[in-house]
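A, B, ... follow the sequence lines: proteins, then strands. Residue 1 opens every chain. All values below were derived from every heavy atom in this structure, side-chain atoms included, with hydrogens, water molecules and symmetry-related copies excluded.
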Amino acid sequence: MIQLIRGFKDILPGEVELWQHIEAVARALFADFGYREIRVPLVEKTVLFSRGIGEETDIVEKEMYTFPDRQGETITLRPEATASVVRAYIQHKYYAADPMQKFFTIGPMFRRERPQKGRYRQFYQINVEALGIAEPFIDVQLIHLLVTLLGRLDVTDATPHINSLGCPQCRPFFRDALLAYIEARQDLLCSDCRRRSRRNPMRVLDCKVPGCREAMAGAPAITDHLCDDCRAHFDTVRDRLAAMGIDYEVDKRLVRGLDYYTRTTFEIHTAALGAQSAVAGGGRYDGLVEMLGGPPTAGIGFAVGFDRLAEIVALQQKDYSRPPRLFIAALGPAAQTAAFGWQTALGLAGIPVEMDYADRSLKAQMRRADRLNAANVLIVGDNELAAGEAMLRHMASGDQVPVGLAGLVETLKTRLAAAGG
RNA sequence: GUGGGUGUAGCUCAGUUGGUAGAGCACCGGGUUGUGGCCCCGGUUGUCGUGGGUUCAAGUCCCAUCACUCACCCCA
């Protein structure tokens with residue numbers, strides 16, 4: 001038997017309907033706010049990600065699926081979507097005609113991590129990106145969209161955590177202050193933190209090791225070191241969120257793993273998935289367009305972890321399946337032939353109908369109708385084809401299923417109840 | 001990359017100090033029935049994850065390996 005690759009998974013019928021539901025809710029919401037779908041390739045030149053995400057991130061250093069194609073060029077399965085969307089924005093010169101562009105995209109990403117709950121090597125994200133809008137309104141809108149999306153999916157325990165990472169003007173001052181603080185407490189930190197303190201001291205802030213948390217409790221907060229512009233931006237975001245009635249928490253430990261983030265960052269966590277608690281996250285990346293070769297352009301976006309979101313929504317145990325409206329239990333060769341014709345006609349009329357393609361016992365066919373959760377069952381023998389035709393006309397002409405037509409059709413539940421439980 | 005747990009039928013699992021592989025559900029056929037639920041009878045399904053080793057004998061003990069899973073790490 002050939003098995004699928006470690007960390008990859010099948011999304012089977014039954015689960016797919018839930019994914020479709022989530023997608024439909026997301027698409028409708030984004031469309032209502034003027035976000036347009038963009039579909040970008042799954043494979044890009046490696047340099048797009050190494051430059052966009054950051055050479056020294058874990059993603060680029062050890063998690064990307066990178067390989068040479070036949071001509072020897074090094075290409076990579078996309079580990080995230082933002083870099084590709086920004087690349088498309090630059091390549092198609094959106095900045096020239098109208099720099100303000102709002103996109104969304106939904107699709108698979110690839111990272112070679114060790115699989116665990118809510119984490120796969122091929123995972124799906126819902127991405128929203130807004131380019132060319134520097135004003136804090138858009139930060140607020142994205143957080144609002146995220147909260148609304150989760151709300152419409154009945155995800156309740158989701159509060160946005162927000163922070164500001166500052167900008168290239170003010171972050172160096174904070175970084176210095178943080179480094180000084182960390183260096184004074186080197187021996188209190190775990191080995192991971194001592195290692196990463198040099199390269200990315202901000203990551204020490206969100207280390208989960210108790211000793212580190214303790215040692216970092218009094219660490220300087222980025223929000224105390226923001227320049228005037230960044231401070232004003234962050235204050236406006238907070239004011240507008242409050243004005244919209246969105247509950248949020250300022251989390252000064254909130255830093256993000258990708259190098260391109262600036263100013264506003266946000267995450268949404270949930271307790272439903274154990275350690276993989278982040279279900280969505282995003283932030284502003286005002287330098288990224290320029291870094292990838294475009295003109296200086298503001299940018300902000302978020303990603304929703306689709307797999308995790310689907311697992312959370314699945315906990316609600318709602319039924320998104322679309323069972324057949326009718327099951328035709330045909331007894332005898334003539335009835336089978338007629339039933340096949342009816343299934344075709346009703347299917348073309350938009351009414352999903354199931355049947356056994358084999359002339360099996362009524363018991364076997366009824367079991368299958370039950371398993372498929374068919375709304376109605378038509379039992380028809382070789383001598384009852386005329387009644388079946390009448391049934392067909394009724395169903396094809398309107399939504400109403402005539403119950404009890406010639407005694408042939410009844411809902412399963414009615415029949416079972418009549419049989420006396 | 002590191003650590004823990006788990007691998008036996010389609011599913012959930014049992015399997016004693018090592019002695020020829022089991023149950024329930026599901027599936028298929030039949031009986032009963034107002035041709036169906038319930039009930040009754042019968043039947044199919046396994047390279048016991050894989051490969052080695054110990055042994056007269058391994059699902060069981062040992063080693064390796066793979067997969068799944070949870071956590072670390074990282075991230076959404």
Side chain to side chain donor-acceptor pair (under 3.5 Å), paired with A:Asp139, selected from A:Arg263, A:Arg240, A:His233:
A:His233

If you look at every strand shown and take non-hydrogen atoms under 4.0 Å, does A:Ala329 touch a base, only sugar-phosphate, or nothing?
nothing

Whole angstrom is fine here: how far is it from CG in A:Asp370 over to P in B:A26?
11 Å

What interatomic distance, in whole Å, is found between P of B:G59 and the corresponding atom of B:G22?
13 Å

Choosing from B:C72, B:C75, B:G37, which nucleotide comes nearest the side chain of A:Ile59?
B:C75

On a whole-Å scale, what distance lies between the C1' atoms belonging to B:U55 and B:U17?
15 Å

What is the pairing partner of B:A67, taking Watson-Crick or G-U wobble pairs with both distances under 3.5 Å in any strand?
B:U6

Is any side-chain N of the basic residue among A:Glu113 and A:Arg121 closer than 4.0 Å to the acidic one's carboxylate O?
no

d(CD, A:Gln3; P, B:G7) in whole Å
17 Å

Ignoring hydrogens and angles, are the base of B:G37 and the side chain of A:Lys363 linked by a donor-acceptor pair under 3.5 Å?
no

Compare the minimum distances between each of B:C70, B:G30, B:C73 and the side chain of A:Lys117, then state the nucleotide with the smallest one.
B:C70

If I pick the C1' atom on B:U32 and the same atom on B:C40, what distance separates them, to the nearest angstrom?
8 Å

I'd like to know if the side chain of A:Glu129 pairs up with that of A:Thr82 as donor and acceptor (distance under 3.5 Å, no hydrogens or angles considered).
yes

Does A:Gln116 make a side-chain N or O approach to OP1 or OP2 of B:A71 shorter than 4.0 Å?
yes

Nearest-Å distance once atom P is located in both B:G37 and B:U44
23 Å

Now, which nucleotide makes the Watson-Crick or G-U wobble pair with B:U47, with each of the two distances under 3.5 Å?
none

Using whole Å, what does the distance between atom P of nucleotide B:A76 and atom CG of A:Leu142 come to?
15 Å

With nearest nucleotide decided by heavy atoms, which residue, A:Arg114 or A:Arg368, maps closer to the 5′ end of RNA chain B?
A:Arg114

Pair of N/O donor and acceptor under 3.5 Å linking B:C75 base with A:Glu267 side chain
no

Expressed in whole Å, how much space separates the P atoms belonging to B:G4 and B:G10?
31 Å

Which nucleotide, if any, forms a Watson-Crick or G-U wobble pair with B:U32, using both distances under 3.5 Å?
none

Using Watson-Crick or G-U wobble geometry with both distances below 3.5 Å, tell me the partner of B:C38, or none.
none

For B:A76 versus B:U8, give the span between their P atoms, rounded off to a whole number of Å.
35 Å

With hydrogens left out and only the distance checked, is there a donor-acceptor pair under 3.5 Å joining A:Arg308's side chain and the base of B:C75?
yes

Closest to the 5' end of RNA chain B, once A:Leu4 and A:Glu113 are matched to their nearest nucleotides, is A:Leu4

Determine the Euclidean distance between corresponding P atoms of B:C48 and B:A21; express it in Å to zero decimal places.
10 Å

Tell me: CG of A:Leu12 to P of B:G10, nearest whole Å?
16 Å

What's A:Glu63 touching, base or sugar-phosphate or nothing? Going by heavy atoms closer than 4.0 Å.
sugar-phosphate

Rounded to the nearest Å, what distance is computed from the CD1 atom of residue A:Ile5 to the P atom of nucleotide B:C66?
16 Å

Interatomic distance, A:Arg6 CZ vs B:G49 C1' [rounded to whole Å]:
14 Å

Rounded to whole Å, please give me the gap between CD1 in A:Ile22 and C1' in B:A76.
14 Å

Heavy atoms under 4.0 Å, any strand shown: does A:Gly301 hit a base, just sugar-phosphate, or nothing?
nothing

Take atom CZ of A:Arg360 and atom C1' of B:C27, then tell me their distance rounded to the nearest Å.
9 Å

Counting the atoms with a prime plus P, OP1 and OP2 as sugar-phosphate, which does A:Gly118 contact under 4.0 Å by heavy atoms, base, sugar-phosphate, or nothing?
base

Lys/Arg cation over aromatic A:Phe49: A:Arg51, 6.0 Å, 45° cone:
no

Can you check side chain to side chain donor-acceptor pair (under 3.5 Å) on A:Thr46 and A:Thr76, steps first, answer last?
CA-CA 5 Å; A:Thr46 301; A:Thr76 295; 2.6 Å; yes

According to a cutoff of under 5.5 Å between the ring centres and under 30° between the ring planes, does A:Phe123 stack with the base of B:A76?
yes

Kindly assign one of parallel, tilted or perpendicular to the pair A:His161 and A:His269, based on the angle between their ring planes and the thresholds 30° and 60°.
tilted

Output yes when A:Asp307 and A:Lys9 qualify as a salt bridge under the 4.0 Å nitrogen-oxygen rule, no when they do not.
yes

Reckon A:Leu331 touches a base, only the sugar-phosphate, or nothing at all at heavy-atom distances under 4.0 Å?
base

Taking any heavy-atom pair under 4.0 Å as a contact, classify A:Val279: base, sugar-phosphate, or nothing.
sugar-phosphate

Name the pairing partner of B:C61, where a pair is Watson-Crick or G-U wobble with both distances under 3.5 Å, or state none.
B:G53

Here the pair of heavy atoms bringing A:Ala280 nearest to A:Leu146 is CB-CD1, 3.8 Å

Both distances below 3.5 Å, Watson-Crick or wobble geometry, any strand: find the nucleotide opposite B:G1.
B:C72

Can you check the distance between B:A9 and B:U47, where both ends of the measurement are the C1' atom (answer in whole Å)?
13 Å

If pairing requires Watson-Crick or G-U wobble contacts with both distances under 3.5 Å, which nucleotide is the partner of B:A23?
B:U12

Assign A:Arg371 to base, sugar-phosphate, or nothing according to its heavy-atom contacts below 4.0 angstrom with the strands shown.
sugar-phosphate

